[in-house]
Amino acid sequence: MTFDAIDAWWWPFLFILVAGWVATDAWRFLGVHLGSRLAEDSEALVLVRAVATALVAAVIGNLVIFPAEPLASTSVALRFGAVALGFVAYLTLGRRVIVAIIVMELVFGLGLWANL
Amino acid sequence: MSEARATAPSLAERRTWYLRGCIAAASIPGLILASAFIGFASLAKGAGLTMAQSVFMTGVVWALPAHVVLVGAILAGASLPAAMFAVTLSSVRLMPMVVAIVPELRGSRTPRWVLYLLSHFVAVTSWVVAMERLKNVPPDLRTSYYFGLGSTLVLANMLIVACFYLVADKLPVVVSAALLLLTPMYFLSSLWGSAREWATHAAMVIGLVLGPLFHLLVPQFDLVAAGILGGALAYGLHRLLGGKSYS
């Protein structure tokens, strides 16, 4: 039952629909359903948010340490350094996402230029 | 929550606020999202997805971390239940986001189905923009505004994925690499900024370390393992330290 398991045009779309759409919109619909019922500061939601955040953080870590091509041909030290400096800039310069991105791309570009 | 209105908004009013929502999509977060989707287009193409599949995924899933997880699962040759499980776990955070936005969106006579429909547009970018600007929109017109914002973001990015899928091979290597690195930076900073309690920040730090670690140890279950273990650890620390949340 992998993405390439069935040789029909509709199979990859069904795969995306079940593994992608159902898996995301189920949470959104549950969110509407709970809407006013669940207190936003409830303990259950703290745990739910912590698990969800750790999972997305794991995605972030893997995107930096084990990326796809062509990013994979750059050095891991440069990728890590660029994102780390971008994040430091975010924390110190007014917590703006755009600042993090500009600093990260500048460091990354300079690093590539200097063949780091 | 300002004035309660005696009459339902007219169609012209709805159209005005719908269009204002469309315009709000052209913002800095919208631009960052578009660049991240250019990165996604090359990621999807590299993983062997067709253009139609990539555009379809953009429209029906509409949550970039879920896209990355799903493409990763496809690349790893995961089965349908395994892929679905990983995406389900990665998307839990959509639920509290929707819970938070529903009271803001709801007018005095908003039917349920409208909220279910609009919830599909909830993802980091539209959520951040909406939470910032909805307070300046009359309560009964917020659904129109958010429909404009959400639908514009989805359609524009489907178009972007289609266009950049075609040219993904022709982009200079440096540009593709720089775009691919934009997604983790965008997630890292916007998620850090949206955290409500200390536990969330702890979970981020632990997850950042556990993700690559489990990628080496248990490649098939790296995200799930890092999510459950990292989340439980962060929650445990949070309880031990008395459960502070940011005000």
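Throughout, a chain's letter reflects where its sequence line sits, starting with A, and its residues are numbered from 1.
Counted within 6.0 Å of CH2 on B:Trp127, heavy atoms from surrounding residues, nucleotides or ligands total more than 12; the atom is thus considered enclosed. Counting heavy atoms of neighbouring residues, nucleotides and ligands inside a 6.0 Å radius, atom CZ of B:Phe85 does not exceed 12 of them.
With contacts defined as side-chain heavy-atom distances shorter than 4.5 Å, the pair B:Tyr116/A:Arg28 does not qualify. Side-chain contact between B:Val92 and A:Val51 is absent, with no heavy-atom pair separated by less than 4.5 Å. You'll find the side chain of A:Phe108 stays beyond 4.5 Å of the side chain of B:Met185, heavy atoms only. Contact check for A:Phe15 versus B:Ile74: side-chain heavy atoms found under the 4.5 Å cut-off.
Taking chain A as the reference chain and counting heavy-atom pairs below 4.5 Å, the highest number among B:Ala78, B:Ser176, B:Ala226, B:Gly230 is found for B:Ala78. By number of non-hydrogen pairs under 4.5 angstrom with chain A, the leading residue of B:Ala123, B:Gly46, B:Ala177, B:Ala47 is B:Ala177. Of the listed residues (B:Ala234, B:Ala83, B:Pro184, B:Gly59), the one with the most heavy-atom contacts under 4.5 Å to chain A is B:Pro184.
With a 4.5 angstrom heavy-atom cutoff, B:Val69 touches chain A only via side-chain atoms. Contacts of A:Leu14 with chain B are absent, with no heavy-atom separation under 4.5 Å from either backbone or side chain. Contact of B:Leu191 with chain A is made through the side chain alone, with heavy-atom distances under 4.5 Å. With a threshold of 4.5 angstrom between heavy atoms, A:Val59 approaches chain B through its backbone and through its side chain. A:Leu47 touches chain B through backbone and side chain together, each having a heavy atom under 4.5 Å away. With a 4.5 angstrom heavy-atom cutoff, B:Leu80 touches chain A via backbone and side-chain atoms both. Contact annotation for B:Val173: both backbone and side-chain heavy atoms come within less than 4.5 Å of a heavy atom of chain A. Within the 4.5 angstrom heavy-atom criterion, atoms from both the backbone and the side chain of A:Ile101 approach chain B.
Note that CG of B:Leu117 and CZ of A:Phe29 are 8.0 Å apart. Values are rounded to the nearest 0.5 Å. One finds the CD1 atom of A:Ile16 at 7.5 Å from the OG atom of B:Ser54 (value rounded to the nearest 0.5 Å). Note that CH2 of A:Trp27 and OG of B:Ser119 are 13.5 Å apart. Values are rounded to the nearest 0.5 Å. Distance CG/B:Leu213 to CG/A:Asn62: 10.0 Å, rounded to 0.5 Å.
Checking side-chain atoms of A:Arg95 against main-chain N and O of B:Gly193 turns up no donor-acceptor pair under 3.5 Å.
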